[in-house]
Peer 1: 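Following this message is one structure expressed as structure tokens.
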Amino acid sequence: MIRFALSKLAGLLVVMLVVSFVTFAVFYLLPSDPAQMSCGRPCTPENLAIAREFMGFGKPWYLQYFDFLGGIFGGRTFGTGATAIHCGAPCFGYSFQQNAPVAELIVDRLPVTFSIAGGAAVAWLLLGVSTGVLSALKRGTLLDRAAMTGALAGVSAPTYLVGLLGILLFGFTLDAVPVHGYVPFAESPVDWAWHLVLPWLVLAFVHAAIYTRLTRGQMIETLGEDYIRTARAKGLGERAVVGKHALRNVLLPVVTLFGIDLGGLLGGAVITERVFGMPGLGALMMEAVGQLDLPLLLGCTLFSAFLIVAANAAVDLLYGFLDPRARLT
Amino acid sequence: MKESTVKRTVSVLAAIGLTVSLAACGANKKDTAAAPSKSAAKQGGTLYILPDAQKQSFDPAKSQGLAITSLALVHRRLTTWDVQEGKPTTVVPDLATDTGRASDGGKTWTFTLKANVKFSDGTPITSADVKHGVERSFAPAFSGGLGYHKTLLEGGPDFRGPFEGKNLSSVETPDPKTIVFRLSRPYGDWPWVASNPAFSPVPKGKGAEANYGENPAASGPYQVAKYQPGVEMRLKRNTHWSKETDKIRGGLPDEVVFQLGQQASVTSKRLIEDNGDDRFAFGASFVSPAQLAQIQGNPGAKSRLVTSKTGAVAYLAINTQRIKDPKVRQAFQYAVDKTTYQVATAGSPALAGDIATTLITQGINGRQQYDLYPAPPVGDPAKAKALLAEAGQAGGLDNLNLVVSTSNNFPEKAQAIQAALARANIKVTIKTLDGEAYTAATTGPNADYDLALSSWQPDFPSPNANLQPLFSSSEIGKGGYNISRYSNPEVDKLITEAQSTVDPNEAGKKWAAIDKLILQDSPVVPLIYTRNSFLRGSKVADFFIADFPAYPNYLKAGISQ
């Protein structure tokens, strides 16, 4: 177990390093200058040079990369004197557009994104797996066909479209849910949930579709296995056959997919947050892209990568519980 | 999972669905107003502003904001703009008693502060605070704002702000009410420059912190009450603001709330629906062409749509370093079809804006209407072909590339231009670039394009701000906006001369002459003066757009009772 954890940690560090390096390199391949956003107007070459120097963009990109890595362990200071900006270790960069250390900005946005992703994940997992199981058990019936048609719609529809249609129907036409904004859980748990119902349902609709199709396919295949026939021959009830023997096998690929999906979503539900006016990580990332905010973009990308790697590690652990053959020693 | 569990799960989900349906009773405060308010704004209430940006800052040094929008709710400047419908915008005193007194042939400008002007903590605003605000804008940590003053003030290019123990000696404060600016050359538009955000006072010695803009010392009618990035910026009254000293700001609502970070299309939909608090709101972003079309069929929303009479001049820039023959460039003036450009812009000529024939935009003092290349709105391809033939290009032009940004449906507009030019045998390939890449490609040192689509709204309403940034040779390839790479020593000389002219009327005549002179060389084809449309809620009153700028005046807007 310790060996497993260590190997996962090492893998995580390597992935982080590669992601940060690639993000840096890609950003510098673009024909644009992040200091331009802080240059002002008119942007004279002198003003641009001043902005570049202050922000640390005056050096070659590989030296900036080492500065970034150094900041994680020793912190960084930008500028001098009374206006100097200090970013304490571990410093994952400083956003000059947002006037705050990147890590602080990400931590501030976490509750919003985690609220969206957590609720949506529960909803899509319950909806997707249960519909998939029912479809498989009632194969060929009207219920199955309706569920598959719904799933096809969910798979095909972009989140953007579903979000806007959701707002139009439930927000404006039915006036059932708020169409924008976020209320912190600590302020009012009821309002928190009320503002999140629609984003949860939208994400659940889009994501559950894949789980429905996956669960259905796996369940049909599993129900045709010899060991299921054996279980039935032994006189086990249908509930035990499906719930205890078949579902366990079906859940293996579902858990894998769930880990990746949830990890990705925790890194920022970009479109959903934008459509619903939720100040989460995804919205922060969108702003970073729009404003050429390299430090923030890098921080968000690294954090997303971290979540995906961590989610995969969690899935590996969970595998052991679902399938004893894969248990870690 | 047992079958009973499956059933329970389905039941729970059904319950959620049912709850949502049953709760369909006013989640968005659907108490709708009947008709849009036509009455004047009254004192009191909460005004909501809906920008799509996720953050809001009131740092004057870092701002490029207009004198009539967000920043001016919190900060006053030495001078400001008097914007009225149907009249050219003029410069008027704000904190100062007048718009500045020139001496030394326009190289020295003196301002006197009004009596009884105070910060939000009750401290009197002195000339030292204005000087500190101006000096602060030179600090590398606070760059990013409008910086026309930085190269004009003596010693400005070498100054790095007041936080390193130095001061800018060309800004003098002989007494607490007087401030004197010494410039490196005569500059007639200094009163306009003094209306830029950096000329807002910052208490001397304060403002070193990076997030100063989140809760600055206010001099305008409002101060920050609460700020949540991505959620809202809430302003409350600055009780030390005196309406007696400020004729430009209404200061009517008790509170102003910026609801941050929602997508423009959803904001437009909220304003079309006009429910609850949205009745007291207006959108800070342009209404998109798609939403404009939708609003045309909705009389209620249409009556709340406010469209500017004019706006930024949209133009086709011709790279004069690659297309060197003026006669060939003049052919473009006739080849374009301005009507299809209007349709591509906003669906109809009426919503898009008037056809442009001059470089100085409407609503600016000194502008003279003229048309050097008279042609029907759809263009005159035959005349264009004739000019090309005269220039030895009877077969037309091949393989020209037209760069455009992906923003503001420029790709569709480029297609309209491409089709129009093809009628005159000018074959164009469109190259679409992301916003930043487009800026880098057009303002950088290497000009790998023949044509570019762009638009320009001056930073302040003077012909100077229209022409100098786009046509002075100093603005080529070093981050400046002379994207037609136009270089004419005579024009450069005349620009410097006009900038030095202190008398606005005399300067206006000079700028009008420069406007014509530039267009004779045809470095750009003016297309339209682009209109902007904004939506307001039914209870928002005194919400208007003057001739310049093509943005609503936030300072007079209020709530009707």
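In what follows, chains carry the letters A, B, and so on, assigned in the order in which the sequence lines appear, proteins first and then strands, with residues in each chain numbered from 1. Please read these numbers as outputs of a predicted model, since none were measured by experiment.
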Peer 1: Does any backbone or side-chain atom of A:L105 lie under 4.5 Å from a heavy atom of chain B? Answer side chain, backbone, both or neither.
Peer 2: neither
Peer 1: Give, as side chain, backbone, both or neither, the part of B:P469 having an atom under 4.5 angstrom from any heavy atom of chain A.
Peer 2: neither
Peer 1: Who among A:M55, A:Q97, A:E46 has the most heavy-atom pairs with chain B under 4.5 Å?
Peer 2: A:Q97
Peer 1: Run through A:W124, A:F276, A:W192 and flag the one making a ring pair (Phe, Tyr, Trp, His ring centres under 6.0 Å) with A:W200.
Peer 2: A:W192
Peer 1: Is the backbone of A:G132 close enough, under 3.5 Å, to the side chain of A:T212 for a donor and an acceptor to pair up by distance?
Peer 2: no
Peer 1: Strictly distance-based, threshold 3.5 Å: is any side-chain N or O of B:S472 a donor or acceptor partner for the main-chain N or O of B:E475?
Peer 2: no
Peer 1: If you draw the axis of the six-membered ring of B:Y449, does the NZ or CZ of B:K431 fall within 45° of it and under 6.0 Å from the ring centre?
Peer 2: no
Peer 1: Once the angle between the rings of B:Y148 and B:F460 is folded into 0 to 90°, is it parallel (under 30°), tilted (30 to 60°) or perpendicular (over 60°)?
Peer 2: perpendicular
Peer 1: Need one label for A:L48: side chain, backbone, both or neither, based on atoms under 4.5 Å from any heavy atom in chain B.
Peer 2: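 No part of it gets close to chain B.
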Peer 1: Chain A: which of B:G145, B:G161, B:G479, B:S265 shares the most heavy-atom pairs with it under 4.5 Å?
Peer 2: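 The answer is B:G145.
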Peer 1: Of the listed residues (A:Y182, A:Y160, A:F78), which shares the most heavy-atom pairs with chain B below a 4.5 Å separation?
Peer 2: A:Y160
Peer 1: Non-hydrogen atoms of chain A under 4.5 Å away: do they reach the side chain of B:Q259, the backbone, both or neither?
Peer 2: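 Interface part for B:Q259: side chain.
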Peer 1: Name the region of B:S57, side chain, backbone, both or neither, that has any atom closer than 4.5 Å to a heavy atom of chain A.
Peer 2: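 Neither part.
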Peer 1: Considering only heavy atoms, which portion of B:F142 lies under 4.5 Å from any heavy atom of chain A: side chain, backbone, both, or neither?
Peer 2: side chain
Peer 1: So what's closer than 4.5 Å to chain A heavy atoms on B:T267: side chain, backbone, both or neither?
Peer 2: neither
Peer 1: Using modelled atom types only, decide if a donor and an acceptor are shared between the side chain of B:N464 and the backbone of B:Q499 within a distance under 3.5 Å.
Peer 2: no
Peer 1: Give a yes or no answer on whether the side chain of B:R270 reaches the backbone of B:D278 with a donor-acceptor pair at less than 3.5 Å.
Peer 2: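 No; zero donor-acceptor contacts below 3.5 Å.
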Peer 1: Got B:F258 and B:P51 here, is their nearest side-chain heavy-atom distance under 4.5 Å?
Peer 2: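 The answer is yes, as the side chains (C-beta and beyond) meet within the 4.5 Å cut-off.
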Peer 1: Quick check on the interface: out of A:G79, A:G81, A:P42, who has the most heavy-atom pairs with chain B under 4.5 Å?
Peer 2: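 Top option by heavy-atom pairs under 4.5 Å: A:P42.
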Peer 1: Please determine, among A:A35, A:A204, A:P45, the option with the most heavy-atom pairs under 4.5 Å with chain B.
Peer 2: A:P45
Peer 1: Do NZ/NE/NH1/NH2 and the carboxylate oxygens of B:E164 and B:K166 come within less than 4.0 Å?
Peer 2: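 Looking at B:E164 and B:K166, the cut-off is not met.
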Peer 1: As an exercise: rank B:V231, B:N211, B:D59, B:L146 by heavy-atom pairs under 4.5 Å with chain A and give me the winner.
Peer 2: B:L146
Peer 1: Can you say whether A:L284 sits under 4.5 Å from chain B via the side chain, the backbone, both, or neither, judging by heavy atoms?
Peer 2: backbone
